[in-house]
Undergrad: 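First the structure, which I've put down as structure tokens, then a few questions once you've had a look.
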Number of protein chains: 2
Amino acid sequence: MNKCDQCIVRQLSSLKALNKEEVIQLANSKTSYSIKKGEAIFEEGEVTNGVFCIKDGVGKLSKLSANGKDQIVKLVKSGELLGQRSMISNEPANLTAKAIADMEVCFIPKSEIIHFFNNNNQFSLNLMQSICEDLKESENDKIALVQKTVKQRLAETLLQLHDEFGENPDKTLKVQLTREELAGIIGTATESCIRLLSDFNKLELIELVGKKIMLKDVRALKKMAE
Amino acid sequence: MNKCDQCIVRQLSSLKALNKEEVIQLANSKTSYSIKKGEAIFEEGEVTNGVFCIKDGVGKLSKLSANGKDQIVKLVKSGELLGQRSMISNEPANLTAKAIADMEVCFIPKSEIIHFFNNNNQFSLNLMQSICEDLKESENDKIALVQKTVKQRLAETLLQLHDEFGENPDKTLKVQLTREELAGIIGTATESCIRLLSDFNKLELIELVGKKIMLKDVRALKKMAE
DNA sequence: GTTTAAATATGACAATTATCATATGAAAAC
DNA sequence: GTTTTCATATGATAATTGTCATATTTAAAC
């Protein structure tokens, strides 16, 4: 009757390398939380002293600029770990983590993670690979920001959101982002984002169903993203 | 008479955690190269199967866009390792590495690094922290690209180059970048970069000494970067 | 259910930045 | 030493994107 054993995070994240004993140890040291949509898991500058497992929900990692705009660096979803980098670097959080949809998370204290890291080579390799994946993605995002137009980035982001989060029964994107958040991901002004969505709608690349977005012409979007 | 033992890379990089035996092992498995300015160490898509130690010189990690522009993701200098991410991820290189100044590098095969990783916790932690540092930097760069103007990014980059690489006896920046490369770092067109340098020169924030750049008013540059 | 607040939408305009053209200077090739 | 090539420089202009204003719609609060 070990709850961590069957957890999605244990199946998808670096934690899959843990053996039975380690999972028991994990289950005993973790604490569970519910985070409501809009609430923060941690804020920039906070010392977290551990990592968060995302059992359910979606979150965003972002940084607020001086002019009040919130640049979203990464979305996280169930099965993933959060706060790995700060923990490894021994630094306060560089970004703020907030729930975009209601979340269920568990907190694992740093001491546990370090223990696994030192005693389980597969776990440390997994953790490293996961951070490397983040690094690659971040570098590619950075390049896209410079080499692509806002229109291309919007097309690219819509496709990525579709790939990563899937669609609802009505074919709309499953992640429910505000236009402001979508703008924060592609790195543009909210109005520009809204305007382009409207253009895409007129071009029948997408369909706007209320605040939800449905991809209508994936091929054309892919072509546009290049 | 162990050459790796006294090497700057051994003093500055994750390799500082290696013990005597491991350093001997390292010295026996490494191969040394000289890379002339402009030459590539590895290219995007290549399988490297190991990491490169930078004994001397400066390199750039970049990606060429469809329109021929070269976005520079990171500069690397003596004491640093190169190609860690691809090796850990088991992927071909995501970026091209080229020498900006003549370089002396050593190649360490993957098998060696993995061996150290599995047998030396401090080494694996160092390696991880170094990658985390890259990730943080990349995320912050990404945010700056969106939240700052080209002018601010130029000011910021000049200060960073000064901090990281220092200055020549004539007070000019030690890293000798072309205007095109500088534009590739801040993510703008070469002409825009040249124009802004010219403006900065007129404002007496910097002085252009031929192709070299001297920082004249660091305080004003810092203010501008914010 | 009405009021209020917030999100979405669109127009008008300004600012920033890129592109193209062309000139000048410096270094490399012959 | 001359020619050629490349980097730097600057002007003119266009394209992209941001900002401000203001509707309109939707959701939340009372």
Undergrad: Out of D:dT19, C:dA9, C:dA18, which nucleotide sits closest to the side chain of B:A189?
TA: C:dA18
Undergrad: Do any of residues 170-181 of chain B sit with a heavy atom less than 4.0 Å from DNA chain C, and if so which?
TA: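 Per residue number, the list is empty: none.
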Undergrad: Considering only residues two or more places apart or on different chains, which pairs with a residue in residues 149-163 of chain B satisfy salt bridge (charged side-chain N to carboxylate O under 4.0 Å, His left out)?
TA: B:K148-B:E156
Undergrad: Please write out each protein N/O paired with an N/O of nucleotides 21-27 of chain C under 3.5 Å, distance rounded to 0.1 Å.
TA:
none

Undergrad: Measuring from atom CD1 of A:I213 to atom CG of A:L158, what distance do you get when rounded to the nearest 0.5 angstrom?
TA: 5.5 Å
Undergrad: Just grab all the salt bridge (charged side-chain N to carboxylate O under 4.0 Å, His left out) pairs involving residues 207-224 of chain A, residues at least two apart or on different chains.
TA: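 The answer is A:D170-A:K212, A:E204-A:K216, A:E207-A:K216.
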Undergrad: First locate atom CG of B:L182, then atom OG1 of B:T190, and finally report the distance between them rounded to the nearest 0.5 Å.
TA: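 That separation rounds to 9.5 Å.
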Undergrad: Just to be sure I understand the rule, does A:L197 reach a base, reach only the sugar-phosphate, or reach nothing, if contact means heavy atoms closer than 4.0 Å?
TA: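 Counting heavy atoms under 4.0 Å across all strands, no contact is made by A:L197.
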Undergrad: Which salt bridge (charged side-chain N to carboxylate O under 4.0 Å, His left out) pairs, counting each pair once, include a residue from residues 35-47 of chain B, with sequence neighbours left out?
TA: B:E44-B:K63
Undergrad: Would you kindly check if the NZ (Lys) or CZ (Arg) of A:K30 is within the cone defined by 45 degrees around the ring axis of A:F107 and under 6.0 Å from the six-membered ring centre?
TA: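 Verdict for A:F107: no cation-pi partner in A:K30.
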Undergrad: If you round to the nearest 0.5 Å, how far is OG of A:S130 from CG of A:L81?
TA: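 One gets 6.5 Å once the value is rounded to the nearest 0.5 Å.
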Undergrad: For A:P92, what residues pass the side-chain contact (heavy atoms from CB on, under 4.5 Å) criterion, not counting sequence neighbours?
TA: A:V47
Undergrad: With rounding to the nearest 0.5 angstrom, report the NZ to NZ distance, B:K3 to B:K55.
TA: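 Taking NZ in B:K3 and NZ in B:K55, the distance rounds to 5.5 Å.
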Undergrad: Could you tell me whether the phosphate oxygens of C:dT8, OP1 or OP2, come under 4.0 Å of any side-chain nitrogen or oxygen in A:T190?
TA: no
Undergrad: Rounded off to whole Å, could you give me the CG-to-C1' distance for the A:D199 and C:dA9 pair?
TA: 12 Å
Undergrad: Rounded to whole Å, how long is the line connecting atom CD1 of A:I194 with atom P of D:dA21?
TA: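 So the CD1-P distance, A:I194 to D:dA21, works out to 17 Å.
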Undergrad: Using a cutoff of under 3.5 Å, can you pull out all pairs of nitrogen or oxygen atoms linking the protein to nucleotides 13-15 of chain D, with atom names and distances?
TA:
none

Undergrad: Which pairs, with at least one residue in residues 97-106 of chain A and sequence neighbours excluded, count as a salt bridge (charged side-chain N to carboxylate O under 4.0 Å, His left out)?
TA: none
Undergrad: Test side-chain hydrogen bond (donor to acceptor under 3.5 Å, both in side chains) on B:D56 and B:S78; report intermediate values, then the result.
TA: CA-CA 5 Å; B:D56 196 28; B:S78 62; 4.7 Å; no
Undergrad: Given axes from five pairs at either end, by how many degrees does the helix from C:dG1-D:dC30 to C:dC30-D:dG1 bend, rounded to 10°?
TA: 50°
Undergrad: Write down the distance between CG (A:L208) and P (D:dT24), rounded to a whole number of angstrom.
TA: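 After rounding, the reported distance stands at 19 Å.
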Undergrad: Are A:E167 and A:T172 side-chain neighbours, meaning at least one heavy-atom pair lies under 4.5 Å?
TA: no
Undergrad: Within less than 4.0 Å of OP1 or OP2 of C:dT19, is there a side-chain N or O belonging to B:K69?
TA: yes
Undergrad: Any donor and acceptor pair, going by atom type alone, linking the side chain of B:S65 with main-chain N or O of B:K69 inside 3.5 Å?
TA: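 Pair found, side chain donor or acceptor close to backbone of B:K69.
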Undergrad: If you look at every heavy atom in A:L75 and A:E164, which pair is closest and at what distance?
TA: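 Here A:L75 and A:E164 meet closest at O-OE2, 4.3 Å.
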Undergrad: Rounding to an integer number of Å, can you tell me how far B:R195 CZ sits from C:dA18 C1'?
TA: 9 Å
Undergrad: If you round to the nearest 0.5 Å, how far is CG of B:L196 from OG1 of B:T188?
TA: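 So the gap between those two atoms works out to 7.0 Å.
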Undergrad: Near DNA chain C, under 4.0 Å by heavy atom, which residues of residues 140-154 of chain B?
TA: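 Under 4.0 Å from DNA chain C: B:T149, B:V150.
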Undergrad: Take the protein atom CG of A:L182 and the nucleotide atom C1' of C:dA9, then report the distance between them rounded to whole Å.
TA: 15 Å
Undergrad: Kindly state each residue pair satisfying ring pair (Phe, Tyr, Trp, His ring centres under 6.0 Å) with at least one member in residues 180-223 of chain A, sequence neighbours excluded.
TA: none
Undergrad: Which whole-number value in Å describes the distance from A:F200 CZ to C:dT8 P?
TA: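 It is 17 Å, rounded to the nearest whole Å.
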Undergrad: Could I get the full list of side-chain contact (heavy atoms from CB on, under 4.5 Å) partners for B:E181, not counting sequence neighbours?
TA: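 Applying side-chain contact (heavy atoms from CB on, under 4.5 Å) to B:E181 gives B:K60, B:I72, B:I100, B:L177, B:T178.
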Undergrad: Please work out if B:T188 contacts a base, only the sugar-phosphate, or nothing of the nucleic acid, heavy-atom cut-off 4.0 Å.
TA: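 Touches sugar-phosphate only.
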Undergrad: Given atom NZ of A:K212 and atom C1' of D:dT26, what is their separation to the nearest angstrom?
TA: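 Spelled out: NZ on A:K212 to C1' on D:dT26 is 14 Å.
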Undergrad: CG of B:L196 versus P of C:dT17: gap in Å, rounded?
TA: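 Spelled out: CG on B:L196 to P on C:dT17 is 8 Å.
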